[in-house]
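Convention: sequence-line order gives letters A, B, ...; per-chain numbering from 1. All values below were derived from every heavy atom in this structure, side-chain atoms included, with hydrogens, water molecules and symmetry-related copies excluded.
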There are 2 protein chains.
Amino acid sequence: MTKKASTGTRRAVPCCAPLAEEPLSETDAADLAATFRLLADPVRLRLLSIVAAAPAGEVCACDLTGPLERSQPTVSHHLGLLTEAGLLEREKRGRWAWFRVVPERLAGLRDVLGPGPAEAEPPARAAR
Amino acid sequence: MTKKASTGTRRAVPCCAPLAEEPLSETDAADLAATFRLLADPVRLRLLSIVAAAPAGEVCACDLTGPLERSQPTVSHHLGLLTEAGLLEREKRGRWAWFRVVPERLAGLRDVLGPGPAEAEPPARAAR
DNA sequence: CCAACACATCGACCTGTGTCAATGCATTAG
DNA sequence: CTAATGCATTGACACAGGTCGATGTGTTGG
């Protein structure tokens, strides 16, 4: 059974239990893989990092075509994928589109890879 | 128990700074994307979760072909990719191959997605 | 009202990769 | 030795997805 957010004080978007907790179901695995696939592209990773590292917390799309050395349709395509998946938020102001990261979404992914450093838990080695 | 988890001593395999810290370089992004691409497949995710959740800490390859409903060459292929990338360790005993997870590797990936929950930091909103 | 701009969408191309049958390579049993 | 077992490798195939030029849609400025 998949319980959501059993670990209490985390508001990270729940997708499934950490990998080391229990084997993934077929549907959970497909869902997770689809999300990780978004991070499996260098252009999208750089987009995420640029937006995430922006001091203002948001970046105009017009400032993203330059550093990535990709065409405008390509950047727009990747921004659309990241936004549709909930990793980015888009706000249109005038004729510009501004993007922000959705930190809870990344935190949810992070939790799948293992328990956080705060609750560092030894991997429960079963003695035989 | 010092939970000193500042940006200094992290034993997780270092690949690059967290996404929100600074924009990824082109090579770092390509490297990271290649690693995330390994997690972007449901079969590999289930393999990882099965091995990670094994009470003994290791699993024989002969026990992995069954639950995944994939052919033996396919499972072997994915195990090879995960092992080559350092996410799994392979030890051959007799005619069987046993696999373990390499937790530092997953921890390194986790750190890229954001700082630990202890230092959860709201996005610095700059007034405009 | 029209031109310029910013971004999204479409269509097409092409590389990358997940998949399996067939085969190869060790190791073990008899 | 020979046969059988467990896993890796090969080759071929089909599909997914990144890329860009062309075009569409909404907004601003003159």
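- The distance between atom CG of A/L81 and atom C1' of D/dA16, rounded to the nearest whole Å, is 13 Å.
- What separates CG of A/L88 from C1' of C/dC7 is a distance of 15 Å, to the nearest Å.
- In terms of heavy-atom proximity, B/D28 sits nearest to B/S25 at N-OG, 3.1 Å.
- Each of A/R93 and A/A40 has a nearest nucleotide on DNA chain D; the 5'-most of these lies closest to A/A40.
- Between B/R70 and C/dG18 there is no side-chain polar atom (N or O) within less than 4.0 angstrom of OP1 or OP2.
- One interatomic measurement links the two molecules: CG of B/L68 to C1' of C/dC20, which rounds to 15 Å at whole-angstrom precision.
- Per the geometry, CH2 belonging to B/W96 stands 11 Å off C1' belonging to C/dA29, to the nearest Å.
- Between B/W98 atom CH2 and D/dC7 atom C1' there is a gap of 14 Å when expressed in whole angstrom units.
- Side-chain N/O atoms of B/R90 include one lying less than 4.0 angstrom from OP1 or OP2 on D/dA8.
- Here the nucleotide nearest the side chain of A/C60, chosen from D/dG21, C/dC7, C/dG18, is C/dC7.
- The side chain of A/T74 contributes an N or O atom lying less than 4.0 Å from OP1 or OP2 of D/dC20.
- Side-chain proximity of A/R95 to D/dC7, C/dC5, C/dT19: nearest is C/dC5.
- Between B/R37 and C/dG16 there is no side-chain N or O to OP1 or OP2 distance below 4.0 Å.
- When the C1' atom of C/dT9 is taken as reference, atom CD of A/E84 falls 13 Å away, rounded to whole Å.
- In this structure, B/T35 and B/R105 have side chains that are in contact, with non-hydrogen atoms separated by less than 4.5 Å.
- When rounded to the nearest whole Å, the span between CZ of B/R46 and P of C/dG18 equals 16 Å.
- In this structure, the side chains of B/D63 and B/C60 come closer than 4.5 Å at one or more pairs of heavy atoms.
- One donor-acceptor pair, N or O on each side, does fall under 3.5 Å between the base of C/dA8 and the side chain of A/Q72.
- Note on B/V43: only backbone sugar-phosphate atoms sit closer than 4.0 angstrom, heavy atoms only; bases stay farther off.
- For the OP1/OP2 pair of D/dG18 and a distance below 4.0 Å, the side-chain nitrogens and oxygens of A/R44 include at least one atom meeting the criterion.
- Annotation: cation-pi pair A/R93/A/W98 present, NZ/CZ under 6.0 Å from the ring centroid and within 45° of its normal.
- Taking atom NE2 on B/H77 and atom P on D/dT9, their separation rounds to 11 Å, with Å as the unit.
- With hydrogens and angles ignored, the 3.5 Å screen pairs no side-chain donor or acceptor of B/R100 with any backbone N or O of B/V51.
- In terms of phosphate contacts, B/S76 brings a side-chain nitrogen or oxygen within less than 4.0 Å of OP1 or OP2 of D/dA8.
- Among the nucleotides C/dC20, D/dC20, C/dG18, the one closest to the side chain of B/D41 is C/dG18.
- For A/H78, a side-chain nitrogen or oxygen approaches OP1 or OP2 of D/dT19 to under 4.0 Å.
- Contact check for B/L48 versus B/L39: side-chain heavy atoms found under the 4.5 Å cut-off.
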